[in-house]
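Before any comments, here is the structure.
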Number of protein chains: 2
Amino acid sequence: MSIRIAIFDDNKNVRDGIALLLRTVPDVEIAGSFSHALDCVQDVRNSRPDVILMDIEMPGISGIEAVRLIKQAFPDIQILMQTAFEDDERVFASICAGASGYILKNHLDSLLTDSIASLQCGGAPMSPSIARKVLEKLQQMPVQTAPPVDYHLSPREKEVLACIVEGLSYKMIADRLHISYETVRSHVKKIYEKLHVASLTETVAKAINHKLI
Amino acid sequence: MSIRIAIFDDNKNVRDGIALLLRTVPDVEIAGSFSHALDCVQDVRNSRPDVILMDIEMPGISGIEAVRLIKQAFPDIQILMQTAFEDDERVFASICAGASGYILKNHLDSLLTDSIASLQCGGAPMSPSIARKVLEKLQQMPVQTAPPVDYHLSPREKEVLACIVEGLSYKMIADRLHISYETVRSHVKKIYEKLHVASLTETVAKAINHKLI
DNA sequence: GGACGCCTCCCCAGTTTTGGGGATTGCGGT
DNA sequence: ACCGCAATCCCCAAAACTGGGGAGGCGTCC
């Protein structure tokens with residue numbers, strides 16, 4: 001039984017390139033090739049693919065929306081996103097819409113055939129940088145409900161940290177706490193050490209996300 | 001510069017097997033090999049690895065707890081879980097504890113060296129079935145209700161804002177977005193205007209508290 | 001065509017932060 | 001009495017950020 005593949009991509013060169021590549025692979029059959037996703041559900045119904053390669057940028061209906069529609073109608077079809085972009089928003093939108101893999105166009109070729117095979121075996125092919133993003137997203141999620149970690153900040157350091165989060169400069173903090181500018185600096189250095197950060201912006205982000213204030 | 005690797009695994013055969021395998025790889029150096037994680041933070045401090053291979057089943061402290069401890073003390077170290085089990089609970093616990101990859105023992109060997117290389121390049125190596133689980137988890141995630149407060153930031157400004165919250169400097173942002181330093185400055189000025197702030201720290205605080213990212 | 005927003009790049013001059021060092025006091029343990 | 005540590009202060013040089021300008025290209029809407 002060969003694997004039937006459908007391609008959605010507005011660029012004809014890309015479609016033809018992929019088709020050419022896949023034709024050299026045994027057990028793979030091109031079920032269809034489409035330049036837009038306006039009729040994607042109907043197209044899929046007609047061509048009955050097992051796996052779909054979906055571009056994100058397309059006129060009319062975006063690849064992400066197409067994934068949602070197709071998955072709704074055919075939950076068992078595996079969809080592999082393939083795009084030039086890796087901004088977080090589109091990556092997660094694609095995954096949430098139901099994509100089973102996400103690879104960047106710059107390493108298509110050899111990877112593509114491997115990815116298709118992997119999909120069929122229950123895998124989830126992702127380009128390395130995409131996989132990392134996904135893990136980071138998952139790591140962020142539970143932070144909102146996770147037990148607060150103690151960074152062993154001293155009372156004075158916590159006061160300084162609170163001022164930093166308010167957006168005060170060293171000078172203003174010194175003023176408010178009635179200490180010298182240099183003392184503020186000392187506290188900040190200690191905070192950097194304890195929080196494993198190296199700038200005020202990182203400090204603020206960490207302080208808020210981990211509820212240190 | 002070779003990559004320093006530390007191994008935590010209670011099975012001596014496994015430790016030795018991995019060490020044997022890695023010694024054949026150029027640019028890889030065994031920093032340490034430990035049969036338990038009871039002193040993991042101290043062990044890591046002494047052996048200074050770049051990458052850690054962590055088994056889950058260990059007497060005393062579990063590999064998952066060890067990941068949490070090590071990541072807290074050394075956030076920059078990459079940790080690769082390698083275990084025989086793939087039940088959901090342990091997979092997600094490991095990821096949430098801070099692991100950067102998760103591979104199954106049954107395809108160690110060739111995959112292991114690739115995975116280590118991938119980690120160093122910012123990837124997140126996962127066995128195919130693990131990757132699939134991770135994606136499914138992400139798809140299940142509750143859809144967070146978006147707050148209606150809109151500061152009318154342009155798409156580009158939002159990208160810049162996201163970088164700022166990550167703690168990147170102007171230079172690093174310019175690099176990541178493939179624009180010049182001065183353009184980043186322009187965007188930041190516009191963001192300051194629109195958010196009514198006057199420094200990066202205020203910006204980060206407002207962005208996180210108002211969920212603008 | 002003109003107005004407007006967005007994205008891109010540039011200059012100058014000034015302020016703030018950062019990364020290295022130091023140093024002193026005082027307080028609480030062993 | 002000694003040690004650790006929080007808290008206070010100091011200096012220097014480099015790097016980063018800020019404010020206030022200007023300017024061209026591109027697209028949309030009226």
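Proteins come first, then strands; the chains are lettered A, B, ... in the order of their sequence lines, and each starts at number 1.
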Got a salt bridge between B:Lys12 and B:Asp16, using NZ or NE/NH1/NH2 to carboxylate O under 4.0 Å? yes
May I ask you to decide whether A:Glu166 forms a salt bridge with A:Arg176, counting only side-chain N to carboxylate O separations under 4.0 Å? yes
Under 3.5 Å, is there any donor-acceptor pair linking the side chain of [X] to the base of [N]?
| X | N | answer |
| --- | --- | --- |
| A:Ser154 | D:dC5 | no |
| A:Lys189 | C:dG20 | yes |
| A:Arg185 | C:dG20 | yes |
| B:Ser186 | C:dC9 | yes |

Indicate, with a heavy-atom threshold strictly under 4.0 Å, whether [X] touches base, sugar-phosphate, or nothing.
| X | answer |
| --- | --- |
| B:Lys194 | sugar-phosphate |
| A:Tyr181 | base |
| A:Lys171 | sugar-phosphate |
| A:Tyr170 | base |
| A:Ser169 | sugar-phosphate |

Take the protein atom [atom1] of [X] and the nucleotide atom [atom2] of [N], then report the distance between them rounded to whole Å.
| X | N | atom1 | atom2 | answer |
| --- | --- | --- | --- | --- |
| B:Leu153 | C:dC6 | CG | C1' | 13 Å |
| A:Arg156 | C:dG26 | CZ | C1' | 15 Å |
| B:His178 | C:dC7 | NE2 | C1' | 16 Å |
| A:Met172 | C:dT15 | CE | P | 14 Å |
| A:His187 | C:dT18 | NE2 | C1' | 17 Å |
| B:Lys158 | C:dC6 | NZ | P | 11 Å |
| B:Asp175 | D:dA16 | CG | C1' | 16 Å |
| A:Lys190 | C:dG22 | NZ | C1' | 15 Å |

Below the 4.0 Å mark, does C:dC9 have OP1 or OP2 next to a side-chain nitrogen or oxygen of B:Thr183?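 Affirmative; the distance criterion is met.
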Can a side-chain donor-acceptor contact be found between A:Ser186 and A:Thr183 if the only test is distance below 3.5 angstrom?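 Distance-only check fails for A:Thr183 and A:Ser186.
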Value rounded to 0.5 Å, distance of OG1 in B:Thr83 from CD1 in B:Ile103: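 Spacing of OG1 (B:Thr83) from CD1 (B:Ile103) equals 10.5 Å.
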Where does the angle between the aromatic ring planes of A:His210 and A:Tyr151 fall among parallel (under 30°), tilted (30 to 60°) and perpendicular (over 60°)? perpendicular
Let me know, please, whether B:Glu157 or B:Glu182 comes out on the 5' side of the other along DNA chain C by nearest nucleotide. B:Glu157
